[in-house]
Amino acid sequence: GENVEQHPSTLSVQEGDSAVIKCTYSDSASNYFPWYKQELGKRPQLIIDIRSNVGEKKDQRIAVTLNKTAKHFSLHITETQPEDSAVYFCAASRGGSQGNLIFGKGTKLSVKP
Amino acid sequence: EAGVAQSPRYKIIEKRQSVAFWCNPISGHATLYWYQQILGQGPKLLIQFQNNGVVDDSQLPKDRFSAERLKGVDSTLKIQPAKLEDSAVYLCASSYGTSGYNEQFFGPGTRLTVL
């Protein structure tokens, strides 16, 4: 069935360094790829998303890249700060559906001061 | 604007008991989702409503789980009877439109512990 693989499961960086999280998806019909941030004990919140007709999107310190041929997309966080510490989930839309998302298992990012 | 509301926030029950969760989406949002999030995993879709109709319930364990969305607004998710493996956070989310590109807004979740 459809699947989204996310790596790494944990990531620790020093404040100011960059962090990269990678995801691969299996459904070639997926056309929407959001990223959610979930702080401990809180609800997931959308931080950035990308559609299949775009290869890259940037919002301040956060960027997402998409390679449809290889079926993978990545989240890049530059100049990390302690408040970036959280679990990050990638997701891919299920082909043929209306808003269905398949989530990865998450990456726990720790930013050390 | 007010966010997605859920209740209760926590629930502890014994296996084979029944439990119900309630969700109130953001006003005007046509689409409502219920997700199950097991510890250490990403949210898994259980059911998706568009207004008061079911769009996708392919991953809902229908022998024990049921959900309804009366009048296209509030929704309830029920588990009867509960099993140990149902221990998880149940998240409700809503989105404004009906296409796949609309941002989903999540509620705070209900943490269910089945003993």
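Naming convention: chains lettered A, B, ... in sequence-line order (proteins, then strands); numbering from 1 in each chain.
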Check whether B:Gln59 gets within reach of chain A through its side chain, its backbone, both or neither, counting any heavy atom under 4.5 Å. side chain

Most contacts with chain B, counted as non-hydrogen pairs under 4.5 angstrom, among A:Asp49, A:Val87, A:Ile102, A:Leu46: A:Leu46

SB check A:Asp84 A:Arg61 (cutoff 4.0 Å): yes

Can you check whether B:Ala93's main-chain N or O pairs, donor with acceptor, with B:Gln6's side chain at less than 3.5 Å? no

What I want to find out is whether B:Asp74 reaches B:Arg69 closely enough, with some N-O distance under 4.0 Å, to be called a salt bridge. no

Between A:Pro34 and chain B, with a heavy-atom cut-off of 4.5 Å, which part of the residue counts as in contact: side chain, backbone, both or neither? neither

Contacting moiety of A:Gln38, where chain B heavy atoms sit under 4.5 Å: side chain

Under a 4.0 Å N-O cut-off, is there an ion pair linking B:Arg16 with B:Glu14? no

